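Written out below as structure tokens is the structure these notes cover.
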Amino acid sequence: DGTFDHCEWLSSMDANGLTIDGVLVYFKKGAEFHQRTAFLTPDEGGVWKIDFDAFARTVKPSWNELLEKGADQAVVRVALAEDSYFNGPFQDDRQWVCYGMGSPDTDAVLSGYCRVGSPQALAIKWMTSKGNKIIRATLEIRRVTGASPRQFEIVRVLAEDWVMGETPFEDGFK
């Protein structure tokens, strides 16, 4: 992202039952600025530390493995917004809820689908009910036979942001 330039405190961003503070970190590369959000959480001793996986926006496997090499399943940190692209195995909008999914780490825009009424759909609906049209989430997604290369089923909502708690976020909606 470049060399560190400055940071800006965002606010408390409590999610997943965790105490989280957000700091926007700016990097400069040539004439361009890039930014990442540092999520700070206290450890067992009360010492505040950066959640590295959230800061690095880690995905498993990598975006390249998922998008270029066709990995079947992945854990991704994405920004989500409601969408209306119903096609292929996800064509019935009475059975599926659609979300556009993106990441600053790839230009690809993905479509993610949850079954209507599923714990995943209920968890994401709760997250969007706070008034934010675009939300961050950590999801487990998988490919479905007959879907386009950028369509995925959302099989688990692991976190309501990019910092994961001890239990999957969707467990509260089962």
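The analysis underlying the following values was restricted to heavy atoms, covering all of them including side chains, and did not include hydrogens, waters or symmetry mates. The first residue of the sequence shown is numbered 1, and numbering continues consecutively from there. Just so we're clear, the structure is a prediction, and the values are computed from it rather than from any experiment.
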- Item | From CD (Gln35) to CD (Glu8), nearest 0.5 Å | 8.5 Å
- What distance separates Asp161 CG from Ile135 CD1, expressed to the nearest 0.5 Å? 9.0 Å
- Task: Quick one: do Gln151 and Tyr113 satisfy side chain to side chain donor-acceptor pair (under 3.5 Å)? Show the steps, please.
- Result: CA-CA 8 Å; Gln151 287 181 302; Tyr113 301 87; 3.0 Å; yes
Shortest non-hydrogen contact between [X] and [Y], atoms and distance:
{"X": "Tyr85", "Y": "Ser111", "result": "CD2-OG, 3.8 Å"}
{"X": "Val155", "Y": "Gln120", "result": "O-NE2, 2.9 Å"}
{"X": "Arg143", "Y": "Pro149", "result": "NH1-O, 2.8 Å"}
{"X": "Met164", "Y": "Leu158", "result": "SD-CB, 3.7 Å"}
{"X": "Ser84", "Y": "Cys98", "result": "N-SG, 4.2 Å"}
{"X": "Asp1", "Y": "Phe27", "result": "O-CB, 3.3 Å"}

Would you indicate whether the side-chain heavy atoms of [Y] and [X] approach each other to under 4.5 Å?
{"X": "Lys133", "Y": "Glu82", "result": "no"}
{"X": "Leu10", "Y": "Asp21", "result": "no"}
{"X": "Val78", "Y": "Thr138", "result": "no"}
{"X": "Val76", "Y": "Trp63", "result": "yes"}
{"X": "Arg156", "Y": "Arg142", "result": "no"}
{"X": "Phe152", "Y": "Leu110", "result": "yes"}

- Query: Hey, mind stepping through Val116 and Arg94 against side-chain contact (heavy atoms from CB on, under 4.5 Å) and telling me if it holds?
  - Reply: CA-CA 7 Å; Val116 170; Arg94 293 167 299 175; over 6 Å; no
- Message: As a test of understanding, state which of Asp51, Val163, Ile50 forms a side chain to side chain contact (heavy atoms under 4.5 Å, CB included) with Leu40.
- Response: Ile50
- Message: Against Leu139, only a single residue in Leu80, Val75, Val59 fulfils side chain to side chain contact (heavy atoms under 4.5 Å, CB included); can you say which?
- Response: Leu80
- Task: Verify ring-ring contact (aromatic ring centres under 6.0 Å, His included) between Trp48 and Phe39, making sure each step is shown before the conclusion.
- Result: CA-CA 10 Å; Trp48 287 80; Phe39 299 89; over 10 Å; no
- Do Asp53 and Thr58 get their side chains close enough for a donor-acceptor pair, meaning under 3.5 Å? yes
Under a 3.5 Å distance rule, please check whether [X] uses its side chain to pair with a backbone N or O of [Y] as donor and acceptor.
{"X": "Thr106", "Y": "Ser103", "result": "no"}
{"X": "Asn132", "Y": "Ile134", "result": "no"}
{"X": "Arg77", "Y": "Trp162", "result": "yes"}

- Message: Please say yes or no: joined through hydrophobic side-chain contacts below 4.5 Å, possibly via intermediate residues, are Phe173 and Ile124 part of one cluster?
- Response: yes
- Query: Given the rule that I, L, V, M, F, W and Y join up when any side-chain heavy atoms are under 4.5 Å apart, are Val157 and Met101 in one cluster?
  - Reply: yes
- Using 4.0 Å as the upper bound for N to carboxylate O, is an ion pair formed by Lys174 and Glu170? yes
- Query: Can Lys130 and Glu160 be said to form a salt bridge (charged side-chain N to carboxylate O under 4.0 Å, His left out), step by step?
  - Reply: CA-CA 12 Å; Lys130 299 180 196 178; Glu160 88 175 279; 2.8 Å; yes
- Query: For the rings on His6 and Tyr26, is their centre-to-centre separation under 6.0 Å?
  - Reply: yes
